[in-house]
Amino acid sequence: MNLEEIKNRVLEIRKLLDRYNYEYYVLDNPSVEDQEYDRLMNELIELEKTYPMFDDVNSPSHRVGGKVLDNFEKVTHKRSMLSLANAFNEADLRDFDRKVKEALNTKEEISYMCEMKIDGLAMSLSYENGNLVYGATRGDGVVGENVTNNLRTIKSIPLHVEDIEELDIRGEVYMPKNSFVKLNKEREENHEPLFQNARNAAAGSIRNLDSSIVAKRKLNAYWYYFANAVERGFKKHSEALNYLDKLGFRTNPERHLVNGIEEVLKFIEEYSEKRDSLSYDIDGLVIKVDDMSKYDVIGYTAKTPKWAIAYKFPPEEVITKLEDIIFTVGRTGKVTPNAVLSPVKVMGSTIQRATLHNEDFVMSKDLKIGDYVYIRKAGDVIPEVVKVALNRRDGSELPFKMIDTCPYCGSTLVKVEAMHFCPNPHCSARNSEGLIHFASKDAMDIDGMGEKVVEMFFNQGYLKDIPSIYDLHEHRYEIINMDGWSDLSVNNLLSAIEKSKGNSLERLLFGLGIKEVGEKLAKTLAKRFKHMDDLMNADYETLRNVRDVGEVTALSITNFFSDPHHVNIINALKEKGLNMDYLGQDEVINASNPFNQKTIVLTGTLSLFGRKEATTLLENLGAKVTGSVSKATDIVIYGEEAGSKLSKAKDLGIQTMDEEEFKQKLIESGIDL
């Protein structure tokens with residue numbers, strides 16, 4: 001064969017393999033035997049190897065993966081990937097329907113598309129000239145991670161489509177139930193940690209830097225939204241999905257177009273019963289207005305469209321035995337009773353512990369050791385004891401009794417309202433909680449050093465106090481040999497620890513866990529004193545003259561820095577190279593700006609930036625941002641869906657400012673947006 005004939009043969013085989021993949025993985029109706037498929041695949045691989053000029057990144061031969069990346073590149077989505085507002089009951093759904101009708105100024109029933117809310121990983125696909133250009137995770141909705149190499153291994157995703165115009169497709173990558181069972185069986189045989197649920201397995205797989213590993217995980221995907229469909233002339237969401245079907249995308253056949261909220265409720269009732277019979281996990285259902293031409297009329301909040309809503313299934317409740325109640329001590333000395341449960345699966349996770357909050361909570365639930373109790377995941381995340389199965393009591397249960405001394409140091413507990421506290425500031429049990437706080441995102445922001453990791457290292461003896469964090473490199477070999485750790489993950493953790501040494505003073509102050517000093521006050525103190533030594537040497541009267549520092553706070557700060565134990569910690573951190581200076585902006589930007597020396601309240605949803613970012617901008621302009629409206633408030637800045645705070649401001653005659661005016665004032669004040 002000459003080169004032209006070879007090129008044509010390569011294209012012919014690719015077209016056949018794409019068709020066979022579609023028949024097998026999308027239609028579930030293969031037209032050829034596996035042997036025929038394998039023969040063609042081997043021929044294609046050989047041709048591409050012999051004639052590399054005809055190789056193509058979107059060839060079916062690349063679906064096996066094999067490329068190993070150092071990291072994932074960032075991708076800015078062409079159109080924001082908005083999240084959905086949640087509905088938890090019938091009242092929420094009826095309220096959604098009412099608002100849609102009000103926005104459209106109609107009393108007629110609305111046509112809704114009802115779809116499965118798959119418990120997976122949101123994904124975006126971009127096609128140009130009929131070819132897959134990239135696939136990206138949702139990320140923060142604006143910027144995601146380029147995981148194209150991994151997505152190519154999912155054989156139901158078309159690498160080519162018969163449409164040369166731009167396509168922006170949204171969907172969900174997930175792990176089917178049977179793939180999840182098979183994966184965990186293999187990991188168990190290899191003595192590897194098991195994945196808790198299919199969603200975690202899918203997320204962990206798609207973010208694996210080795211695409212050959214991803215290919216073995218047998219992920220799949222459903223595509224539920226054609227993001228630029230209106231630009232392409234489509235008027236109905238249902239029509240856009242049908243078009244995606246024709247192009248070869250795998251859309252969910254369980255979707256139903258219904259008329260009115262009553263039919264939505266029937267659909268929810270039907271699939272609440274069917275959910276367990278599906279071959280994939282769902283955690284709810286999605287309801288969208290079908291008429292896309294009305295989307296702009298119905299509108300958007302900063303984060304969610306108002307023309308769609310996600311109905312979340314009620315938390316699953318299971319029954320298990322309350323084996324014991326033990327007590328933990330937090331970084332502030334708070335003593336918390338915790339339920340020790342017979343291990344039980346709840347929504348894919350094995351639950352063995354649940355917080356019982358305080359003595360009053362246990363008494364109100366009438367909990368006894370040995371009871372059988374109903375538990376669930378509050379908000380689908382946090383294990384929660386709901387109630388006792390009273391009919392299963394047999395008299396062998398033991399009554400609960402709150403302890404009166406610290407289980408770690410023996411100090412007599414102090415009760416403040418409903419809470420019990422260990423008053424000993426050097427209680428050993430407070431160390432791990434203090435370490436967790438020190439490493440947290442709002443404090444020193446040590447990526448990879450979350451609660452479970454800190455507790456693991458603390459129990460192993462690698463961590464004992466805050467300075468020991470900066471000695472973890474001495475335990476590198478031991479950590480690499482622990483389950484779940486690799487050379488790469490340990491290097492990333494140690495790099496994050498090293499990077500944290502350069503943080504500005506306010507992060508260190510907040511991380512130290514000084515009583516009464518929150519994140520905001522830590523920044524105020526850092527800006528005022530500039531250096532750790534100057535703050536440590538400040539007396540009570542000097543501190544009282546700092547904005548937002550009252551008598552109790554000033555006393556707490558002076559007590560903290562007069563304690564030799566704390567002084568030793570700070571000196572040890574200095575020796576390990578941590579920055580002790582304030583690195584932020586020393587002077588207020590443009591002191592004549594309209595926010596300087598003003599007390600400001602933010603309310604509603606701001607679309608330009610988050611509440612935290614807006615607060616930082618205002619503080620850099622010399623403002624004080626508070627959470628409640630009073631006569632002392634100077635300005636209330638409001639976004640969408642502002643409520644009682646805005647009303648109260650108007651009643652008190654306080655100046656109000658919408659987001660557009662706020663934006664303009666920021667620009668005039670020298671803030672670069």
Side-chain angles (χ1 to χ4, degrees), residues 330-333 423-426 430-431 433-446 465-470 497-589 591 596-597 599 612 615-626:
R331 69 180 180 87
T332 62
N424 179 7
H426 307 310
R430 296 171 71 166
N431 287 351
E433 289 292 335
L435 291 167
I436 292 166
H437 171 70
F438 183 85
S440 66
K441 186 173 182 61
D442 290 333
M444 294 298 280
D445 191 21
I446 302 177
D465 52 24
I466 287 172
S468 66
I469 291 174
Y470 297 93
I497 291 172
E498 188 65 25
K499 180 182 176 183
S500 73
K501 292 181 179 180
N503 285 339
S504 187
L505 176 60
E506 66 270 19
R507 284 188 172 274
L508 177 57
L509 288 176
F510 182 53
L512 288 172
I514 305 168
K515 195 175 181 182
E516 308 295 337
V517 177
E519 184 181 2
K520 187 175 178 181
L521 182 54
K523 187 169 184 179
T524 299
L525 292 169
K527 290 175 74 172
R528 165 63 178 80
F529 291 97
K530 302 293 190 300
H531 307 287
M532 175 67 84
D533 289 347
D534 291 336
L535 175 59
M536 292 176 71
N537 294 327
D539 59 23
Y540 174 83
E541 291 301 328
T542 302
L543 288 165
R544 279 290 288 114
N545 289 323
V546 177
R547 189 176 70 182
D548 296 333
V549 176
E551 294 178 6
V552 174
T553 303
L555 186 61
S556 175
I557 295 170
T558 54
N559 286 342
F560 182 89
F561 288 118
S562 63
D563 187 329
H565 175 73
H566 296 141
V567 173
N568 289 338
I569 286 176
I570 293 167
N571 287 336
L573 293 176
K574 286 180 181 178
E575 290 176 7
K576 294 180 188 301
L578 271 73
N579 172 66
M580 297 284 157
D581 296 328
Y582 174 62
L583 304 178
Q585 194 168 12
D586 288 345
E587 302 298 330
V588 171
I589 300 172
N596 192 21
Q597 301 299 314
T599 298
K612 194 169 183 178
T615 299
T616 300
L617 290 173
L618 287 165
E619 287 177 347
N620 285 340
L621 291 166
K624 176 182 178 182
V625 181
T626 63

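Between Asn571 and Val567 there is a side-chain heavy-atom pair separated by less than 4.5 Å. Side-chain contact check for Lys527 versus Tyr582: some heavy-atom pair is nearer than 4.5 Å. In this structure the side chain of Ile557 reaches within 4.5 angstrom of the side chain of Leu525, judged on heavy atoms. Looking at heavy atoms from C-beta onward, Phe529 lies out of side-chain contact with Asn537 at the 4.5 angstrom threshold. Glu551 is listed as a side-chain neighbour of Tyr540, based on a closest heavy-atom distance under 4.5 Å.
Of the possible polar contacts, none joining the Lys501 side chain to the Asn579 backbone as a donor-acceptor pair under 3.5 Å is found. In terms of modelled atom types and a separation under 3.5 Å, the side chain of Thr558 and the main chain of Asp539 share no donor-acceptor contact. Of the possible polar contacts, none joining the His531 side chain to the Asp581 backbone as a donor-acceptor pair under 3.5 Å is found. Panel note: side chain Asp534, backbone Lys530; no donor-acceptor pair is recorded below 3.5 Å. A donor-acceptor pair under 3.5 Å is formed between the side chain of Arg544 and the backbone N or O of Val549.
Counting all heavy atoms, side chain and backbone alike, Arg547 lies closest to Leu521 at O-CD1, 4.1 Å. The minimum heavy-atom distance linking Tyr470 with Ile446 is given by the pair OH-CD1, 4.2 Å. The two atoms that bring Val546 and Arg528 nearest to each other are CG2-CG, 4.0 Å, heavy atoms only.
Atom CG of Leu618 sits about 11.0 Å away from atom CG of Asn596, to the nearest 0.5 Å. Here CD of Glu575 is found 12.5 Å from CD1 of Ile570. Values are rounded to the nearest 0.5 Å. The line from OG of Ser556 to CG of Leu543 is 10.0 Å long, rounded to the nearest 0.5 Å. Atom CD in Glu619 sits 9.5 Å away from atom CG in Leu617 (nearest 0.5 Å).
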Could you give the side-chain donor-acceptor pairs of residues 502-510 under 3.5 Å, partners two or more places apart or in another chain?
unit_1: Asn503; atom_1: ND2; unit_2: Met444; atom_2: O; d: 2.9
unit_1: Asn503; atom_1: ND2; unit_2: Ser500; atom_2: O; d: 3.4
unit_1: Ser504; atom_1: OG; unit_2: Glu506; atom_2: OE1; d: 2.7
unit_1: Ser504; atom_1: OG; unit_2: Leu583; atom_2: N; d: 2.8
unit_1: Arg507; atom_1: NH1; unit_2: Lys441; atom_2: O; d: 2.9
unit_1: Arg507; atom_1: NH1; unit_2: Ala443; atom_2: O; d: 2.5

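Salt bridge status for Asp548 with Lys624: present, with a side-chain N to carboxylate O gap under 4.0 Å.
Taking a 6.0 Å sphere around NZ of Lys574, one finds it holds more than 12 heavy atoms contributed by other residues, nucleotides or ligands.
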